[in-house]
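Below, read A as the first sequence line, B as the second, and so on, with proteins coming before strands; counting in each chain starts at 1.
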Amino acid sequence: MSWPVLYAQLVGANRHSTSLGKVWLSVLFIFRVMVLVVAAESVWGDEQSDFTCNTLQPGCENVCYDQFFPVSHIRLWCLQLVFVSTPTLLVAMYVSYRNHSDKKRLLQSSGRAGLLSNKGQEEDLETLKKRRLPVAGALWWTYACSLVFRLLFEGGFMYALYVVYDGFQMPRLVQCDQWPCPNLVDCFISRPTEKTIFTVFMATASSICMVLNMAELSYLVAKAVTR
Amino acid sequence: MNWASFYAVISGVNRHSTGIGRIWLSVLFIFRILVLVVAAESVWGDEKSGFICNTQQPGCNSVCYDHFFPISHIRLWALQLILVSTPALLVAMHVAHRRHVDKRLYKLSGRTNPKDLEQIKTQKMKITGALWWTYVISLLFRIVFEVTFMYLFYMIYPGYKMIRLVKCDSYPCPNTVDCFVSRPTEKTVFTVFMLAVSGVCILLNIAEVFFLVGKACGKHLHTAGDSTMGVWIQQKLCSY
C-alpha cells in the first residue's frame with residue numbers, strides 16, 4: 001500500500017478530468033511524488049542521526065532537534081500529497097454514483113419495455129461504463145469543489161511549512177538552550193544546502209500545481225458562463 | 001503478505017458495501033494505511049536508537065525503553081488496522097456462501113447455462129435478510145475494535161501526548177536517570193492525526209448502522225401493509 005496504489009486510483013479518476021487536470025496529475029506524480037521518493041527521502045534520511053550539537057550532555061541533541069524540527073519536511077510533503085490527491089476521489093465517487101443510477105434506470109426501462117435483446121442491453125451497459133461524462137451540472141459543481149479543496153490544501157500546507165521553518169531556507173547552525181543543554185549550545189544541521197534546494201524545488205512544484213488548479217477553475221467557470 | 005495484498009483482499013469486499021461503507025474503506029486506505037506506511041513508519045523508525053539516557057550504565061537504555069514503550073504505536077496501529085478490516089471478510093464469506101447455494105439451486109433446477117452461472121458470480125447482492133444481519137454484526141465488531149484500541153492507546157500512553165523526557169529507575173540504572181525520547185512533537189502530531197481519523201471512521205460506521213437500520217425499518221413499514229404490527233406502527237406515526 002503505497003504511492004503506486006494511490007496513483008492507480010487517481011489515474012482511474014483522471015478520465016473525467018479536463019486536459020489541465022491531466023497535466024496537473026502528471027506534474028503531481030512526476031515532479032512531486034517521484035522526486036520525494038527517489039531523492040528527497042534520502043536527503044532527509046540522516047536528519048536526526050547527523051544533527052550534531054557541541055556538547056556531550058546526553059539528551060541535549062534530542063531535545064534541540066525536537067525544538068527546531070517539530071514536523072519533518074518529508075512528513076509534511078507526504079501529508080500534503082495525500083490530502084491534495086483526495087479531492088479527485090470525490091469526483092470519482094460522484095461519477096461511479098451517476099453510473100450506478102444510470103445503470104439502474106437503464107435496467108428498469110429495458111425491463112419494462114422488454115424490447116431490448118440481451119446483447120443490446122449488454123452493449124448499452126458497456127458504453128455506460130466506458131463513456132466519458134461531460135463536465136456539466138452536478139458534476140461541474142463536484143469538480144469545482146474538488147479544485148477549491150485542492151487549492152486550500154496546497155496553500156495551507158505551504159503556509160504551514162513556511163511558518164514552522166521561518167521561510168524555505170535551511171540554516172547551517174541553530175543555537176539551542178533547552179534543558180538539559182547546559183548553556184547556549186551550537187547545533188549543526190546535516191546537508192543544509194541540499195535541503196534548501198529540495199525545499200525550494202518542492203515549493204515551486206507546489207506553486208505550479210496551484211497555478212494549474214486556478215487556471216482549470218477559471219476555465220471551468222468561463223465554460224459554464226459561455227454556456 | 002503485505003499491505004498491498006491486504007488491500008487487494010479487502011477492496012474485493014467493496015462491491016457489497018453501501019455507499020458509506022465505500023467511503024469508510026477509502027478513508028481507511030488513504031488516511032490511515034497510506035499515511036502509516038509513507039510517513040508514520042519513518043517517524044518511529046529510530047525510536048529505539050534515538051532513545052538516549054543520561055548514563056553510561058550498559059543495559060539501562062534498553063530496560064528503560066522497554067519500560068516506557070511496551071508496544072510501539074506503529075505496531076498498535078498495524079494491529080488495529082488489521083482487526084478493524086477483518087469483519088468485512090465476514091460479509092465476503094457470507095456472499096460467497098450465498099453464491100454457492102444459488103449455483104447449486106441453478107444446477108438442481110437444470111439451468112446449467114454457463115452464462116447464468118457467470119451472472120451469479122458478478123451480480124451484486126442486496127443487503128437483505130441474513131446478509132443484513134451479517135453486515136450489521138460486522139459493523140458492530142468494527143466499532144468495538146476501534147474503540148478498544150483507542151482505549152488501549154489511552155491506557156498505555158496517557159493523554160495521547162508523547163513526552164520529551166521520562167525518568168527511569170529500573171535495574172540496572174544506578175539512580176533515577178533522565179531519558180530522552182526522539183522526535184516527541186512529530187510523534188504527538190501523528191498520534192493525534194491517526195486518532196482523529198479513527199474517530200471519523202467510528203462515526204462513519206455508526207452512520208452506516210443507522211442507515212441500514214433505517215432502511216430495514218422503512219422496508220418493513222412499506223411491505224407490512226397486511227400485518228397488524230405494520231398497521232399499528234403506521235397509525236402511530238401518522239397520528240403525530
Side-chain angles (χ1 to χ4, degrees), chain A residues 1-6 8-10 33 36-37 41 44-49 51 56-83 85-86 88-90 92-94 96-97 100 103-104 118 122 125 160 164 178-181, chain B residues 2-8 10-11 14-15 19 22-23 26-43 45-47 49-56 60-61 81 115 119 124 162-166 177-190 193 197:
Chain A
M1 181 66 209
S2 186
W3 296 114
V5 175
L6 185 69
Q9 297 270 349
L10 292 177
V33 176
L36 184 80
V37 170
E41 278 186 353
W44 268 267
D46 59 1
E47 54 178 332
Q48 199 186 4
S49 51
F51 182 79
L56 287 178
Q57 171 65 47
C60 179
E61 275 174 8
N62 274 24
V63 162
C64 291
Y65 176 83
D66 184 61
Q67 199 206 6
F68 287 100
F69 301 99
V71 184
S72 170
H73 289 67
I74 296 281
R75 257 71 69 181
L76 270 177
W77 286 327
C78 282
L79 284 175
Q80 181 180 15
L81 291 169
V82 167
F83 273 88
S85 315
T86 24
T88 314
L89 298 175
L90 267 179
M93 280 196 264
Y94 175 76
S96 77
Y97 163 75
H100 176 78
K103 204 164 133 184
K104 244 193 180 167
N118 223 6
E122 267 174 36
L125 286 172
V164 167
Q178 295 279 304
W179 186 88
C181 304
Chain B
N2 55 7
W3 289 116
S5 23
F6 185 69
Y7 172 71
I10 298 293
S11 49
N14 212 9
R15 267 196 330 131
R22 292 190 185 139
I23 295 174
S26 310
V27 168
L28 185 87
F29 277 105
I30 296 171
F31 291 102
R32 296 173 79 180
I33 296 182
L34 184 67
V35 167
L36 184 81
V37 170
V38 306
E41 278 186 354
S42 48
V43 175
D46 62 357
E47 55 177 331
S49 52
F51 183 79
I52 299 172
C53 292
N54 187 3
T55 179
Q56 288 191 324
C60 180
N61 246 8
L81 290 169
K115 233 181 182 177
Q119 206 194 26
K124 185 186 158 179
M162 183 63 85
I163 21 180
R164 252 185 201 185
L165 162 75
V166 291
V177 148
D178 291 329
C179 293
F180 299 90
V181 177
S182 90
R183 312 179 201 255
T185 312
E186 203 165 5
K187 286 179 180 170
T188 307
V189 167
F190 274 94
F193 177 85
V197 184

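- When each of Cys78(A), Pro70(A), Ser96(A) is scored by its heavy-atom pairs under 4.5 Å with chain B, the top score falls to Pro70(A).
- When heavy atoms are compared at a cutoff of 4.5 Å, Gln67(A) approaches chain B by way of both its backbone and its side chain.
- A 4.5 Å side-chain heavy-atom check between Pro180(A) and Val63(A) finds at least one atom pair inside the cut-off.
- Between Leu89(A) and Ile30(B) there is a side-chain heavy-atom pair separated by less than 4.5 Å.
- Only the side chain of Asp178(B) comes within contact range of chain A, with heavy atoms under 4.5 Å apart.
- Heavy atoms of Ile74(A) lying under 4.5 Å from chain B are absent altogether.
- Evaluation of the ring pair (Phe, Tyr, Trp, His ring centres under 6.0 Å) rule for Phe31(B) yields Phe83(A) as partners, not counting sequence neighbours.
- Sulfur atoms SG of Cys60(B) and Cys53(B) are positioned 2.5 Å or more apart.
- When heavy atoms are compared at a cutoff of 4.5 Å, Val181(B) approaches chain A solely by way of its backbone atoms N, CA, C and O.
- Contacts between Ser85(A) and chain B at a heavy-atom distance below 4.5 Å are absent for every atom of the residue.
- Heavy atoms of Leu36(A) lying under 4.5 Å from chain B are absent altogether.
- Ring orientation note: the planes of Phe193(B) and Phe190(B) are nearly perpendicular, at an angle over 60° on the 30°/60° scale.
- Neither the backbone nor the side chain of Leu36(B) has a heavy atom closer than 4.5 Å to any heavy atom of chain A.
- Both the backbone and the side chain of Ser42(B) come within contact range of chain A, judged by heavy atoms closer than 4.5 Å.
- Judged as a salt bridge (Lys or Arg N to Asp or Glu O under 4.0 Å), the pairs with a partner in residues 63-80 of chain A (not counting sequence neighbours) are, in order, Glu47(A)-Arg75(A), Asp66(A)-Arg164(B), Arg75(A)-Glu186(B).
- Pairing each heavy atom of Gly59(A) with each of Phe180(B), the nearest pair is CA-CD1, 3.1 Å.
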